[in-house]
Amino acid sequence: MKAEEVKKLSDLSRIKVSKQEIGEFTKQLSDILSYVNKVQEYKFVAKEYESNDEIVKLREDIVNPKESEEIIKQFSDRSGKLLKVKKIL
Amino acid sequence: MIKDFTIKSIHESLEKKEFSCVDLVKQCFSNIKKDKLNDFITLFEKQSLEQAGAVDKKISKGEKLKEFEGIPVAIKDNILIKGEKTTSASKMLENYVATYDAWVIEKLREKGAIFLGKTNLDEFAMGASNETSYFGPVLNPHDKTRVPGGSSGGSAVAVAAQHCVFALGSDTGGSIRQPAAFCGVVGFKPSYGRVSRNGLIALSSSLDQIGPLTNSVEDAALVFNSILEQDHDDMTNIKSNEIDILKLKNSIKDKVIGFPKDYYELSIDQEIKDSFKNALQKLKEAGIKTKEVDLSFMDGALAVYYIIQPAEASTNLARYDGIRYGFNKKEAKNLLDSYLTNRDSGFGKEVKRRIMIGTYVLSEGYRDAYYNTAKKVQADIKFRFQEIFKDIDAIILPTTPSTAFKLNEKFNDPLTMYLADIFTVAVNIAGLPAISLPMSKKPLPIGLQVIGDFMDEENVFNIAYNLEQNFRFTNN
């Protein structure tokens with residue numbers, strides 16, 4: 001892994017990294033990725049597998065107004081019940 | 001001084017009025033403050049003492065206590081308690097107040113448990129040493145220059161140092177069992193899906209499970225029983241019955257116990273090898289059948305783990321942008337800049353590393369080679385365990401390859417730190433139940449792990465109980 005790739009990754013991950021961190025992470029991430037690359041050498045024993053398609057179930061989306069109040073209290077910036085964010089551009 | 005910190009013994013003493021519940025709770029808080037092990041992030045001193053006072057009144061009236069009434073309990077700070085700070089040991093959630101109780105908290109509350117406070121952990125449960133916490137490292141009570149293990153390091157220390165009777169932790173790759181082994185206590189991870197994750201701050205949703213850290217196998221079984229009621233808000237939660245506590249005491253003479261055939265060749269500390277060999281010998285002498293099993297795929301499981309877990313962590317932690325809740329550095333220029341600066345200042349290095357690894361293994365062009373391959377290997381590892389459990393009732397092996405290491409020893413070398421999980425992660429990859437119990441406690445504790453087949457907790461507890469009781473591995 002190269003320094004430019006780490007920079008690209010940090011942008012994709014929405015994480016700012018300093019120049020010093022890029023150096024550190026380049027070495028560390030390379031080590032970790034070369035270790036986990038062991039999965040390519042894994043020797044499979046099973047002929048077939050149980051289906052991996054787990055059934056995705058969703059619970060009903062019920063609004064709890066009392067809980068909403070509590071959640072709104074955690075907003076870092078707000079106007080009444082509305083969440084304020086920085087301008088997009 | 002109160003000595004035996006187990007649920008039954010504490011209850012008996014309270015009911016016989018050998019000490020009051022207020023005295024018990026006061027002793028816990030005074031030990032916490034005196035020992036300075038940094039195992040708690042938040043303490044609920046006032047509420048706990050009020051609750052203890054109410055328990056004493058009940059006892060004086062001769063009323064029967066509920067299952068955990070009067071029992072001081074510690075909760076890992078990634079499990080939500082309504083109205084209290086839940087930080088996950090991150091600056092990102094330093095001031096976050098939980099808006100609801102986790103399912104397991106509701107269950108313990110119903111049974112009267114006294115929550116003493118929230119315990120320290122590795123930031124977002126990412127670590128094996130409790131050194132990545134924003135609130136500083138936790139110290140091992142057996143040797144303060146050593147780590148307690150992680151990520152449930154605070155919970156393990158709280159139990160080991162008699163700061164509480166039992167604690168809850170969470171285990172994604174060994175985060176209950178490894179610190180339990182390092183601190184000389186019992187730590188249990190249930191089968192995946194057997195305990196609701198509702199209200200647990202997610203690290204890796206397909207691997208995370210909540211479980212107890214206790215001073216005895218019986219206590220671990222009692223706490224497990226009390227939290228496994230089905231929760232319809234966690235769609236992966238499986239309906240299951242409580243285990244029969246009386247059956248823990250059954251003889252294990254008819255059981256077959258597997259052990260890794262090449263364990264003496266594995267890179268493990270010599271003292272752990274010796275301790276394990278001794279345990280095996282004792283089993284054989286007691287006439288219990290043992291059988292060699294092939295666990296050579298364990299390093300494959302570790303590689304799978306460090307792909308799937310960061311992949312899920314990177315998606316789970318995408319929600320922390322400091323806007324709806326969490327750390328917010330107000331001076332950002334625009335929306336993108338606020339994401340970047342909040343996440344830069346709010347997350348520690350290990351969290352950043354894992355988010356980046358996760359982003360990498362899920363990205364277009366690398367997903368097949370890493371994430372998709374890891375999922376296939378995971379299915380094969382599940383199959384291997386199913387085959388192994390056709391002939392045996394449980395597997396035993398050391399919980400960790402080393403005893404508690406020194407503070408800072410592995411902190412700057414993440415890959416070496418990851419290798420500390422080598423004996424515990426395969427269990428999570430296959431969704432199995434496993435317990436760690438102390439084999440010996442001196443000079444440093446050594447843990448023995450008992451792994452069972454999926455949903456076969458009863459066997460795990462039965463075997464672990466017999467190991468603990470009849471073989472006297474512990475040298476208290």
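Chain letters run A, B, ... following the sequence lines, proteins first and then strands; every chain starts at 1.
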When Asn37(A), Val6(A), Asp11(A), Val17(A) are compared by non-hydrogen pairs under 4.5 Å with chain B, the top option: Asn37(A)
Segment of Asp337(B) engaging chain A (4.5 angstrom heavy-atom cut-off): side chain
Residue pair Ser76(A) / Asn328(B): nearest heavy atoms and the distance that separates them: OG-ND2, 3.0 Å
From CG (Asp233(B)) to CZ (Arg59(A)), nearest 0.5 Å: 4.5 Å
Heavy-atom pairs under 4.5 Å with chain B, option from Ile32(A), Val45(A), Val85(A), Ile88(A) with the top count: Val45(A)
Side chain proximity check, Val377(B) to Phe44(A), heavy atoms < 4.5 angstrom: yes
Proximal to chain A - members of residues 364-372 of chain B, heavy-atom separation under 4.5 Å: Tyr366(B), Ala369(B), Tyr370(B)
Any side-chain heavy-atom pair of Ile381(B) and Tyr42(A) under 4.5 Å: yes
Audit row: Lys87(A), Lys333(B), side-chain contact (heavy atoms from CB on, under 4.5 Å) steps and yes/no: CA-CA 8 Å; Lys87(A) 61 180 180 186; Lys333(B) 292 190 289 288; over 6 Å; no
Test item: Arg384(B) side-chain N/O and Ala46(A) main-chain N/O as donor-acceptor pair under 3.5 Å: no
Donor-acceptor pair, side chain of Gln74(A) and main chain of Val97(B), under 3.5 angstrom: yes
Contact residues of residues 305-314 of chain B (partner chain A; heavy-atom separation under 4.5 angstrom): Tyr306(B), Ile307(B)
Gap between atom CG of Leu83(A) and atom CZ of Arg324(B) - 0.5 Å precision: 8.0 Å
Engaged part of Glu60(A) at the chain B interface, taking heavy atoms whose separation is under 4.5 Å: neither
Verdict with reasoning, Gln28(A) to Leu415(B), per side-chain contact (heavy atoms from CB on, under 4.5 Å): CA-CA 8 Å; Gln28(A) 290 169 341; Leu415(B) 184 59; over 6 Å; no
Heavy-atom proximity to chain B below 4.5 Å, by part of Phe25(A): side chain
Under 4.5 Å from any heavy atom of chain A - which part of Asp413(B): neither
Over all atoms of both residues, closest heavy-atom pair of Ser13(A) and Met356(B): OG-CG, 3.7 Å
Closest non-hydrogen atom pair, Lys16(A) against Thr341(B): NZ-CG2, 3.1 Å
Residue selection (most heavy-atom pairs with chain A, distance under 4.5 Å) from Tyr100(B), Tyr96(B), Phe347(B), Phe297(B): Tyr96(B)
SB check Lys349(B) Glu24(A) (cutoff 4.0 Å): yes
Close side-chain approach of Lys38(A) to Asp299(B), heavy-atom, < 4.5 Å: yes
Proximal component of Leu33(A), with respect to chain B [non-hydrogen, under 4.5 Å]: both
Region of Glu69(A) that comes under 4.5 Å of a non-hydrogen atom in chain B: neither
Verdict with reasoning, Tyr35(A) to Tyr418(B), per side-chain contact (heavy atoms from CB on, under 4.5 Å): CA-CA 10 Å; Tyr35(A) 182 83; Tyr418(B) 293 177; over 6 Å; no
Heavy-atom contact with chain A under 4.5 Å, split by part of Phe383(B): side chain
Nearest atoms (heavy-atom pairs only) where Thr99(B) meets Glu70(A): CG2-CB, 3.6 Å
Distance in Å, Asp31(A) CG paired with Thr416(B) OG1, rounded so as to fall on 0.5 Å steps: 8.5 Å
Evaluation steps, side-chain contact (heavy atoms from CB on, under 4.5 Å), between Leu29(A) and Arg353(B): CA-CA 7 Å; Leu29(A) 299 190; Arg353(B) 272 194 289 268; 4.2 Å; yes
Exceeds 12 heavy-atom contacts within 6.0 angstrom, atom NZ of Lys91(B): yes
Pairs of heavy atoms under 4.5 Å with chain A: top-ranked of Leu419(B), Thr236(B), Asn334(B), Val304(B): Asn334(B)
Side-chain (Arg14(A)) to main-chain (Tyr339(B)) donor-acceptor, under 3.5 angstrom: no
Contacting region of Leu317(B) [heavy-atom separation from chain A under 4.5 Å]: neither
Portion of Lys330(B) that has a non-hydrogen atom of chain A nearer than 4.5 angstrom: both
